[in-house]
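Have a look at the structure below before the remarks.
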Number of protein chains: 2
Amino acid sequence: MPNDVGHEIADALGTLLRRGTRARLYARLTDGLGEAVDETTYPVLSGLARTGPCSAADLAGEIGLDRSGVTRRATRLEEAGLLRREPDPDDRRATLLALTETGQQTVKTTRQRLAAFIEASLASWPPEEAQSFARQLHRFVTTGPFAES
Amino acid sequence: MPNDVGHEIADALGTLLRRGTRARLYARLTDGLGEAVDETTYPVLSGLARTGPCSAADLAGEIGLDRSGVTRRATRLEEAGLLRREPDPDDRRATLLALTETGQQTVKTTRQRLAAFIEASLASWPPEEAQSFARQLHRFVTTGPFAES
DNA sequence: AAGAATAGCGTGCGCGACGCACGCAATCTG
DNA sequence: CAGATTGCGTGCGTCGCGCACGCTATTCTT
């Protein structure tokens with residue numbers, strides 16, 4: 001493998017991990033979806049969409065955050081009607097976090113926006129090139145130095 | 001283009017933009033390089049390595065941060081001996097920020113570590129596949145929805 | 001040439017996000 | 001049935017960040 005490869009990818013990852021990059025992308029994705037959903041609260045919605053209804057502690061582990069932070073974000077999202085707290089029927093001290101209908105819709109549209117952004121910037125690529133790139137990127141991220149520590 | 005492509009890349013970007021991902025990667029890259037260099041201060045070093053000696057305001061624009069933040073990080077790095085403040089010979093009110101020898105060395109080793117991580121996770125790939133992936137990723141990042149807004 | 005306007009810099013201040021730890025309620029254990 | 005444990009929300013301290021002020025040096029204006 002030529003030496004350039006590592007440095008070329010390093011450059012790309014560098015700009016990708018910039019604070020501003022993340023902020024701009026989230027701003028575009030959550031634009032017009034209400035005051036409550038932003039860069040900090042969206043991971044709660046997204047994680048909850050992945051796991052289904054679960055406790056705040058489990059969700060905290062899922063999105064890599066302290067339990068207290070999840071609780072606070074959840075209250076914000078609850079007040080905005082995107083999330084619902086329901087008592088766990090099996091354990092009366094536990095409360096389950098679950099997405100409401102609008103919450104699910106919010107996650108859905110956000111993901112569609114991201115996919116649309118990506119497809120737009122890949123529009124000029126040969127289809128099979130885009131396809132192989134997608135597979136390679138997925139493989140690189142899941143097997144690289146980014147796995148769950 | 002198949003619909004999967006957008007969603008597959010979206011997944012990869014999702015995990016890549018996780019808060020924890022960024023934190024873990026920076027922790028590994030800056031491990032043992034001294035107390036002062038961490039996730040927040042490294043962009044100052046890296047940006048300064050790209051631009052060469054320049055003012056705090058210019059560097060702020062470069063790394064997407066407020067000027068005051070650059071100043072504070074610069075003082076931390078200056079106390080650690082990684083950065084030097086020198087008066088601008090052409091403008092006596094201006095002070096230029098410049099990397100010291102150890103500062104340059106720190107940036108160099110950090111970049112080498114990142115490149116090594118990447119090459120390690122690409123070690124099992126066919127060389128020409130890695131090469132095309134690197135080019136595609138670079139192109140995707142520079143032309144995608146991540147450009148400077 | 002002198003006073004006004006501007007530019008560069010550092011710092012005080014408030015805001016928001018985060019983690020830790022405490023208290024309360026419910027549950028498990030012996 | 002009492003003590004230990006678990007789940008949850010919240011107060012507190014810390015930290016990073018942007019805004020705005022004051023100070024100094026420079027540039028503009030007349």
Side-chain angles (χ1 to χ4, degrees), chain A residues 17-24 26-27 30 35-45 47-48 51 53-80 83-98 149, chain B residues 17-24 26-27 30 35-45 47-48 51 53-80 83-98 149:
Chain A
L17 291 179
R18 294 268 263 279
R19 236 172 37 93
T21 306
R22 178 188 159 108
R24 271 197 306 274
Y26 267 104
T30 64
E35 188 65 31
V37 48
D38 63 7
E39 178 182 349
T40 68
T41 55
Y42 178 70
V44 172
L45 265 58
L48 210 50
T51 65
C54 71
S55 75
D58 294 347
L59 191 54
E62 173 72 18
I63 67 178
L65 202 68
D66 190 79
R67 186 179 51 80
S68 63
V70 176
T71 297
R72 284 185 253 263
R73 288 176 171 81
T75 28
R76 280 186 58 191
L77 294 170
E78 187 182 23
E79 291 168 354
L83 184 142
R84 194 177 52 234
R85 279 184 222 256
E86 50 191 30
D88 189 337
D90 300 342
D91 191 339
R92 277 208 334 231
R93 62 195 161 167
T95 71
L96 266 53
L97 277 54
S149 102
Chain B
L17 291 178
R18 294 267 266 278
R19 236 171 38 94
T21 305
R22 179 186 158 108
R24 271 197 306 274
Y26 267 104
T30 63
E35 188 66 29
V37 48
D38 62 8
E39 178 181 349
T40 68
T41 55
Y42 178 70
V44 172
L45 266 58
L48 210 49
T51 65
C54 71
S55 73
D58 294 347
L59 191 54
E62 173 73 18
I63 66 179
L65 202 67
D66 190 79
R67 185 179 50 79
S68 63
V70 176
T71 297
R72 284 184 254 263
R73 288 176 170 83
T75 20
R76 279 185 58 190
L77 293 170
E78 187 181 23
E79 293 168 352
L83 186 143
R84 193 176 53 234
R85 278 183 223 258
E86 50 191 29
D88 188 336
D90 300 342
D91 192 340
R92 279 211 328 236
R93 60 193 163 168
T95 70
L96 266 53
L97 277 57
S149 102

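Note: hydrogens, waters and symmetry copies are ignored here, and every other heavy atom, side chains too, is used. Labels below follow one simple rule: chain letters A, B, ... track the order of the sequence lines, proteins then strands, and each chain is numbered from 1.
When rounded to the nearest whole Å, the span between OH of A:Y26 and C1' of C:dA17 equals 15 Å. To the nearest angstrom, C1' of D:dG16 lies 13 Å from CD1 of B:I63. Taking atom CZ of residue A:R76 and atom C1' of nucleotide C:dC15, one finds them 13 Å apart after rounding to whole Å. Between B:E39 atom CD and D:dC15 atom C1' the separation is 13 Å, expressed in whole Å. If you take CG of B:L59 and P of C:dG10, they are 12 Å apart, rounded to a whole angstrom. When rounded to the nearest whole Å, the span between CZ of A:R73 and C1' of C:dG19 equals 12 Å. Whole-Å rounding puts the B:L77 CG to C:dG10 P distance at 13 Å. In this entry the distance linking CG of B:L65 with C1' of C:dG10 reads 15 Å, nearest Å.
In this structure, A:L45 CG and A:R73 CZ are separated by 11.5 Å, a value rounded to the nearest 0.5 Å. Rounded to the nearest 0.5 angstrom, A:Y26 OH and A:T41 OG1 are separated by 9.5 Å. How far CG of B:L65 is from CZ of A:R18: 11.0 Å, rounded to the nearest 0.5 Å.
Partners of A:R93 under the salt bridge (charged side-chain N to carboxylate O under 4.0 Å, His left out) rule, at least two apart in sequence or in another chain, are A:D91.
Side-chain N/O atoms of A:T71 include one lying less than 4.0 angstrom from OP1 or OP2 on D:dG9. Residue B:R19 places none of its side-chain N or O atoms closer than 4.0 Å to OP1 or OP2 of C:dA17.
Between B:G64 and A:L97, the residue whose closest nucleotide on DNA chain D is further toward the 5' end is A:L97. Both A:T40 and B:L96 lie close to DNA chain C; mapped to their nearest nucleotides by heavy-atom distance, the more 5′-ward contact belongs to B:L96.
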**Request:** Produce a footprint string for nucleotides 20-30 of chain C: one letter per nucleotide, 5' end first; B if the base is under 4.0 Å from any protein heavy atom, S if only the sugar-phosphate is, - if neither.
**Result:** BB----BS---

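Contacts of B:T75 with the nucleic acid, taken as non-hydrogen atoms under 4.0 Å apart, are absent.
Within a 6.0 Å sphere centred on CD of B:E35, heavy atoms belonging to other residues, nucleotides or ligands number 12 at most.
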**Prompt:** Is there a side chain to side chain contact (heavy atoms under 4.5 Å, CB included) between B:V44 and B:R76 once you walk through the steps?
**Reply:** CA-CA 11 Å; B:V44 172; B:R76 279 185 58 190; over 6 Å; no

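No option in A:L96, A:D88, A:L48, A:L97 other than A:L48 meets the side chain to side chain contact (heavy atoms under 4.5 Å, CB included) test with A:C54.
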